[in-house]
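Shown next, in structure tokens, is the structure this report addresses.
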Amino acid sequence: MNNTLSAKERMGIARVVMPQLPADVRSRNFEEVNRGLSENQAFTEAQRCLQCKNRPCVAGCPVGVSIPEFIKALAAEDLPRSAQILRNDNALPAVCGRVCPQETQCEALCIRGVKGEAVAIGYLERYVADWAQQHPEQQLKETAATATGKTVVVVGSGPAGLTAAGELARLGHAVTIFEALHDTGGVLRYGIPEFRLPKDIIDREVALLSELGVGIECNVIIGRTLTIAELRSQFDAVFIANGAGLPAMLNIPGENLKGVYAANEFLTRVNLMEAGRTDNSATPVIRRSEVAVIGGGNTAIDCVRTARRLGAERAMLVYRRGETEMPARREEVTHAREEGVEFIMLTAPTEVLGTEDGWVSGLRCRKMELGEPDDSGRRSPRAIAGSDFDLSAGVIIDAVGTSANPLLTASAPDLSLSTRGNILINTGGETSIPGVFAGGDIVRGGATVILAMGDGKRTAAAIDAYLKRA
Amino acid sequence: MFNVISNEIIAENLHKMVVSAPRIAHARKPGQFVMVRLDQGEERIPLTISDADSAAGTITLFIQAVGASTRNIVATPAGGFIRDVAGPLGKGTRIINWGRVVCIGGGVGTAVLFPMVKALAEAGNQVTTIIGGRSGNFILLAAELTPLSDTFLVTTEDGSLGTKGFVTAPLADILADPARIPRAVFAVGPVPMMKAVAEMTRPQGIETIVSLNPIMIDGTGMCGGCRVQIGAETKFACVDGPEFDAHQVDFDGLSDRLTSYHTEEAGMHAAAECKIGRNVSV
Ligand SMILES: Cc1cc2nc3c(=O)[nH]c(=O)nc-3n(C[C@H](O)[C@H](O)[C@H](O)COP(=O)(O)OP(=O)(O)OC[C@H]3O[C@@H](n4cnc5c(N)ncnc54)[C@H](O)[C@@H]3O)c2cc1C
Ligand code: FES
């Protein structure tokens with residue numbers, strides 16, 4: 001680290017600006033919007049960190065990444081060390097650096113943010129993680145653990161499953177991942193678009209797991225191809241991380257018209273099946289010049305920006321609260337606006353309108369106003385009487401949320417579930433079936449990548465302890 | 001990778017493929033299906049498991065080559081590979097001893113019907129099977145279905161085999177005969193056929209079960225693309241079905257949703273044809 005800088009000098013450096021593809025170019029392609037910092041930018045940004053003794057930023061990170069430490073190594077231009085610190089705390093730093101809501105986590109607590117702007121922790125995390133992926137030969141080698149002879153099966157290859165598999169393999173256990181789809185990554189692959197998270201990042205993480213000896217088998221649907229009982233008898237421990245993949249429907253008239261998509265279907269067609277993106281994809285997707293997406297979370301923003309890239313002249317986001325209440329990452333909201341997405345706020349759909357031959361023609365909406373805060377702490381929307389209006393649209397995408405998919409849980413009657421169908425666990429991550437653990441969205445409901453990853457990491461430690469007892 | 005054990009043409013554009021998939025063969029129940037993706041870039045398509053041999057670890061699929069994806073699948077020879085086969089999916093058929101049942105298959109729907117007939121016969125039902133097709137060439141599985149059925153009837157639109165006409169004519173005769181009234185009717189085939197059967201059994205309130213074929217992507221309840229209107233409710237055919245009470249199904253909505261991609265697919269065919277044309281000319 002350049003120790004010659006005084007605190008005042010550090011305070012004098014302005015927050016780095018992420019190089020981006022211009023909005024008019026990127027809103028026509030699927031290339032990653034954020035291009036990543038240059039070496040110089042990263043080293044300079046790292047100098048902005050004041051290395052606070054009480055590390056407030058770390059408290060904001062759900063997995064407690066040693067933020068000042070990895071930034072200090074970066075400022076000292078010791079990338080191998082920085083990468084190692086990061087990797088010890090976070091199994092998927094290249095992913096988290098891109099998709100974590102830093103503005104409500106680590107960066108929200110950064111002292112530099114009190115007067116001015118927080119250190120760009122997410123950008124630095126991404127920089128170091130990308131460097132590590134590009135320079136595997138320079139990474140500090142891990143010593144291979146001795147095999148314990150124990151076997152663990154992981155259900156699902158989303159962030160929770162991938163993280164747990166890596167941790168358990170490093171501890172010397174023989175790990176197998178079963179994935180229902182034909183490819184790995186979970187939401188990282190089929191949900192989050194390439195313009196935010198290029199798929200080769202997931203491919204590299206998965207390749208690392210294979211190198212560690214993790215067996216990965218796709219097309220195996222637990223609850224159908226094999227049951228939890230079968231897994232329990234064939235493996236010493238089970239980790240269930242099958243996500244929260246069941247779309248919540250709108251329950252308004254017209255939702256089965258042609259041209260109405262649940263977000264998962266639209267995103268899966270475009271991301272997993274590459275519909276509308278390559279000439280070689282056999283999977284179609286309906287494109288229209290007017291597309292309305294309902295919702296205000298990351299999923300909704302991903303859908304509306306995807307629709308724009310597929311050629312929508314009017315890509316509209318319809319949300320029942322206001323822009324400040326949107327749960328989506330701030331940066332995505334800004335990017336969407338720059339790309340020409342129309343924000344139709346304080347608006348709730350009441351009916352999907354259709355043509356005589358069954359196609360969507362629009363969305364009937366009602367204006368809302370914000371009342372008292374609800375359980376989630378957000379002000380709850382109230383309909384304004386007599387405010388109905390119609391939006392013209394040829395495609396409607398419902399991105400109001402997901403819930404727990406019962407496919408797996410319904411086949412395991414001994415598994416205790418919450419009233420919403422999520423798997424119940426004890427503080428050690430264990431379910432009501434001994435030796436069967438669970439984590440990620442199937443436990444929390446739709447949450448975040450970092451929370452899923454944190455579950456994977458914590459539960460791997462609990463599984464390790466369990467296997468040692470057993 | 002899933003090994004293709006055999007691939008026979010049994011009628012125009014219709015193939016019987018036996019594929020090695022030991023876990024699926026072991027877990028599968030009548031009425032369930034698999035999602036198949038031939039290779040990278042190809043679609044995921046649902047195919048009914050018509051039969052399975054759990055000792056040999058194989059499943060049997062009947063595939064009608066109707067679009068580009070199915071044409072590519074049936075072009076895979078014995079000894080070749082299918083990249084992805086996932087399942088078994090969907091709820092199995094509810095098999096009980098009803099007594100007298102009528103099973104109706106139209107076109108390739110007969111391949112979906114076959115495992116139901118087999119299971120119903122094994123459960124002790126008295127099965128009348130009615131199979132229909134455009135012509136004799138489109139009558140599937142007659143040899144396999146005959147020994148399972150107490151009565152086996154064939155109808156063809158051109159009269160080239162069995163009775164000339166539609167499957168609904170022999171059904172009407174049966175429904176009009178108090179001595180032959182079934183306790184349940186199973187029908188699988190084109191949507192208009194299933195709808196017609198549902199309308200015929202509705203007045204007498206005869207339990208009628210149809211197997212629906214909406215567009216599917218994942219087959220696990222994740223995408224919602226396969227939704228169908230059943231009574232007042234929206235159901236996902238891949239997990240709640242594919243078999244439903246015919247008297248509750250919105251058949252018009254189903255037919256309509258099945259046309260969602262006609263324009264896109266026509267465009268893709270044109271593009272593919274274009275490419276072929278280019279290749280030929282150079
Ligand atoms: C469009 C979208 C955008 C998002 N954006 C962000 C973001 O920017 N930042 C953020 O932090 N979070 C974001 N999230 C949320 C985040 O992606 C999830 O919280 C996270 O992926 C959950 O991880 P998981 O491992 O629990 O499950 P998932 O990622 O859902 O993975 C579960 C895996 O299990 C497989 N599976 C399911 N059932 C079975 C079965 N029966 N047998 C075998 N395998 C099975 C699934 O196919 C899947 O691969 C977003 C979510 C979506 C949908
Ligand atoms: S096919 Fe996706 S939910 Fe049924």
What part of A:Phe266 lies closer than 4.5 angstrom to a heavy atom of chain B: side chain, backbone, both or neither?
neither
Need one label for A:Leu257: side chain, backbone, both or neither, based on atoms under 4.5 Å from any heavy atom in chain B.
backbone
Highest number of heavy-atom pairs under 4.5 Å with chain A among B:Ile24, B:Val85, B:Ile45 belongs to B:Val85
Answer with side chain, backbone, both or neither: which region of A:Asn256 has an atom nearer than 4.5 Å to a non-hydrogen atom of chain B?
both
Side chain, backbone, both or neither: which part of A:Arg287 has an atom under 4.5 Å from a heavy atom of chain B?
backbone
Tell me whether the NZ or CZ atom of B:Arg227 lies within the 45° cone about the ring axis of B:Phe236 and under 6.0 Å from its centre.
no
Just checking B:Lys195: does its NZ atom have more than 12 heavy atoms from other residues, nucleotides or ligands closer to it than 6.0 angstrom?
no
Ignoring hydrogens, what is the shortest heavy-atom contact between B:Ile215 and B:Arg257? Give both atom names and the distance.
CD1-O, 3.7 Å
Would you mind checking which part of A:Val220 comes under 4.5 Å of any heavy atom in chain B, side chain (CB onward), backbone (N, CA, C, O), both or neither?
side chain
Please flag which part of A:Asp357 lies under 4.5 Å from any non-hydrogen atom of chain B: side chain, backbone, both or neither.
backbone
Counting only heavy atoms closer than 4.5 Å, note whether A:Glu217 contacts chain B via side chain, backbone, both or neither.
side chain
With a 4.5 Å cut-off on heavy-atom pairs, point out which of B:Gly87, B:Ala27, B:Gly224, B:Ala21 contacts chain A the most.
B:Gly87
Intermediate values then yes/no, side chain to side chain contact (heavy atoms under 4.5 Å, CB included), A:Val153 and A:Phe239
CA-CA 6 Å; A:Val153 60; A:Phe239 179 53; over 6 Å; no
Verify, without hydrogens or angle tests, whether A:Asp441 (side chain) and A:Ala447 (backbone) share a donor-acceptor contact under 3.5 angstrom.
yes
